[in-house]
Amino acid sequence: MQNPIVRKATLADIETLKKFKLGLIKAELPMDETIKEDTVSYYDLEALITNDNSELLVAVIDSELVASGYAKIIPDRPYLKHDFQGYLGFMFVPKKHRGNGYNKLVLDALLKWCKSRNIYEIRLDVYDTNPAAIRAYEKAGFKKHLINMRLDIRDSDL
């Protein structure tokens, strides 16, 4: 097995990243009944590549992209001890490449990027119905912190 290199995504990677995005949406649709079925995007890939406060990385073997993920620096709530957080997203590995540690390579590189920008508070969202992702993030050192709960009262007697 060849070791991938992790590098900053470029605009030349957009077509493959769009396929990754569709694969991620397809995986997440069954986990979230609030996502519109015709959703084709919830990432602005070009902005993630070109914005100074975000870093979109890819893992590459030969010329094939095998993983992706981004970190973006966003302001946090004023009552917290930190002013900014590094928010992670678009963590995707195509099915044929899963289980090889590629996501961890991208994740580690994103954490290093955040640290190089003096951002030490790192957050991400993961569906509670995605135990494999939860285990992977816990293995990387993440801890469950806050549970976001929802209730649809459309058909209730209220």
Side-chain angles (χ1 to χ4, degrees), residues 1-32 35 39-77 80-146 148:
M1 168 121 353
Q2 193 175 14
N3 287 331
I5 61 160
V6 176
R7 65 164 171 79
K8 186 173 173 58
T10 68
L11 294 175
D13 297 321
I14 287 286
E15 290 309 310
T16 301
L17 292 171
K18 285 179 181 177
K19 291 176 186 171
F20 281 17
K21 179 176 59 173
L22 292 175
L24 189 59
I25 292 168
K26 182 179 176 183
E28 290 182 347
L29 273 172
M31 293 184 232
D32 189 341
I35 297 175
T39 296
V40 293
S41 180
Y42 38 70
Y43 299 112
D44 183 343
L45 297 171
E46 289 185 22
L48 290 168
I49 290 170
T50 59
N51 190 305
D52 288 338
N53 284 325
S54 63
E55 185 83 332
L56 177 54
L57 299 179
V58 292
V60 182
I61 295 177
D62 294 325
S63 59
E64 183 183 6
L65 275 59
V66 297
S68 66
Y70 75 74
K72 61 182 174 180
I73 299 170
I74 59 174
D76 218 327
R77 293 154 288 181
L80 295 177
K81 293 179 179 178
H82 53 276
D83 295 325
F84 296 91
Q85 65 169 268
Y87 182 82
L88 305 183
F90 195 43
M91 307 301 291
F92 184 76
V93 177
K95 191 174 275 188
K96 71 179 184 176
H97 293 293
R98 291 182 188 154
N100 294 312
Y102 303 154
N103 186 62
K104 177 80 164 86
L105 292 173
V106 171
L107 177 62
D108 288 347
L110 291 170
L111 296 176
K112 286 178 186 173
W113 179 82
C114 288
K115 196 170 187 180
S116 76
R117 306 285 300 265
N118 298 314
I119 302 297
Y120 307 110
E121 181 69 23
I122 310 300
R123 306 267 177 131
L124 57 79
D125 293 314
V126 60
Y127 288 104
D128 69 333
T129 56
N130 192 348
I134 292 169
R135 279 192 306 275
Y137 293 127
E138 286 176 335
K139 188 175 177 183
F142 285 83
K143 294 182 174 114
K144 294 175 185 169
H145 177 67
L146 182 66
N148 179 297

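Because the structure is a prediction, the values reported are computed rather than measured.
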Of all the heavy-atom pairs spanning [X] and [Y], show the shortest one and how long it is.
| X | Y | value |
| --- | --- | --- |
| Leu45 | Lys18 | CD1-N, 3.9 Å |
| Gly69 | Val106 | N-CG1, 3.7 Å |
| Glu28 | Ile35 | O-CD1, 4.2 Å |
| Cys114 | Gly86 | SG-CA, 4.1 Å |

Could you walk me through whether Met91 and Leu110 satisfy the side chain to side chain contact (heavy atoms under 4.5 Å, CB included) test, starting with their C-alpha distance in whole Å, then the side-chain angles of each, then the deciding distance to 0.1 Å, before giving a yes or no? CA-CA 11 Å; Met91 307 301 291; Leu110 291 170; 4.0 Å; yes
(request) Just do the side chain to side chain contact (heavy atoms under 4.5 Å, CB included) check on Ile74 and Phe84 with the steps written out, would you? (result) CA-CA 6 Å; Ile74 59 174; Phe84 296 91; over 6 Å; no
query: Among pairs that include at least one residue of residues 85-96, which meet side-chain hydrogen bond (donor to acceptor under 3.5 Å, both in side chains), considering only residues two or more places apart or in two chains?
result: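 As it turns out, the side-chain hydrogen bond (donor to acceptor under 3.5 Å, both in side chains) pairs with a partner in residues 85-96, which skip direct neighbours, are Glu64-Lys96, Asp76-Gln85, Tyr87-Asp125.
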| request: In plain terms, say whether Asp108 and Lys104 are close enough for a salt bridge, that is, a side-chain N and a carboxylate O under 4.0 Å apart. | output: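 Counted as a salt bridge, because a side-chain N and a carboxylate O are separated by less than 4.0 Å.
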Mind checking whether [X] and [Y] have side chains closer than 4.5 Å, heavy atoms only?
| X | Y | value |
| --- | --- | --- |
| Glu121 | Lys81 | no |
| Leu65 | Lys19 | no |
| Val66 | Val93 | no |

Hey, could you give me the [atom1]/[atom2] distance between [X] and [Y], rounded to the nearest 0.5 Å?
| X | Y | atom1 | atom2 | result |
| --- | --- | --- | --- | --- |
| Leu22 | Ser41 | CG | OG | 8.5 Å |
| Ser54 | Ile49 | OG | CD1 | 9.0 Å |
| Leu11 | Leu17 | CG | CG | 10.0 Å |

Applying salt bridge (charged side-chain N to carboxylate O under 4.0 Å, His left out), which residue pairs with at least one partner in residues 126-135 are found, sequence neighbours left out?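 As it turns out, there is no salt bridge (charged side-chain N to carboxylate O under 4.0 Å, His left out) pair with a partner in residues 126-135 once direct neighbours are skipped.
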Inset, instruction - Kindly state each residue pair satisfying salt bridge (charged side-chain N to carboxylate O under 4.0 Å, His left out) with at least one member in residues 41-58, sequence neighbours excluded. - result: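 The answer is Lys8-Glu55.
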Donor-acceptor side-chain pairing of Asn53 and Arg117 below 3.5 angstrom: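 Yes, a side-chain donor-acceptor pair sits under 3.5 Å.
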Practice problem: For Leu105, enumerate each residue passing the side chain to side chain contact (heavy atoms under 4.5 Å, CB included) test, keeping only those at least two apart in sequence or located in another chain. | Solution: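 With sequence neighbours excluded, Leu105 shows a side chain to side chain contact (heavy atoms under 4.5 Å, CB included) to Pro4, Val6, Tyr102, given in chain and number order.
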Would you list the pairs meeting ring pair (Phe, Tyr, Trp, His ring centres under 6.0 Å) in which at least one residue belongs to residues 46-65, sequence neighbours left out?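 Non-adjacent pairs meeting ring pair (Phe, Tyr, Trp, His ring centres under 6.0 Å): zero.
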Problem - ring pair (Phe, Tyr, Trp, His ring centres under 6.0 Å) partners of residues 41-73, not counting sequence neighbours, each pair once - result: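 As it turns out, the ring pair (Phe, Tyr, Trp, His ring centres under 6.0 Å) pairs with a partner in residues 41-73, which skip direct neighbours, are Tyr43-Tyr70, Tyr43-Phe90.
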Practice prompt. Please state whether the rings of Phe92 and Phe20 are parallel, tilted or perpendicular, taking 30° and 60° as the class boundaries.
Written response: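 Tilted.
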Could you check whether any side-chain N or O of Arg7 sits under 3.5 Å from a backbone N or O of Val60, counting only pairs where one atom can act as donor and the other as acceptor?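 No; zero donor-acceptor contacts below 3.5 Å.
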| request: State whether the side chain of Asn51 and the backbone N or O of Leu48 hold a donor-acceptor pair below 3.5 Å, judged by distance alone. | output: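 Pair absent, no side-chain N/O of Asn51 close to backbone of Leu48.
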**Request:** Could you go through the side chain to side chain contact (heavy atoms under 4.5 Å, CB included) check for Asp13 and Val58 one step at a time?
**Result:** CA-CA 9 Å; Asp13 297 321; Val58 292; 4.2 Å; yes
Is there a side chain to side chain contact (heavy atoms under 4.5 Å, CB included) between His82 and Tyr120? Walk through the geometry before answering. CA-CA 8 Å; His82 53 276; Tyr120 307 110; over 6 Å; no
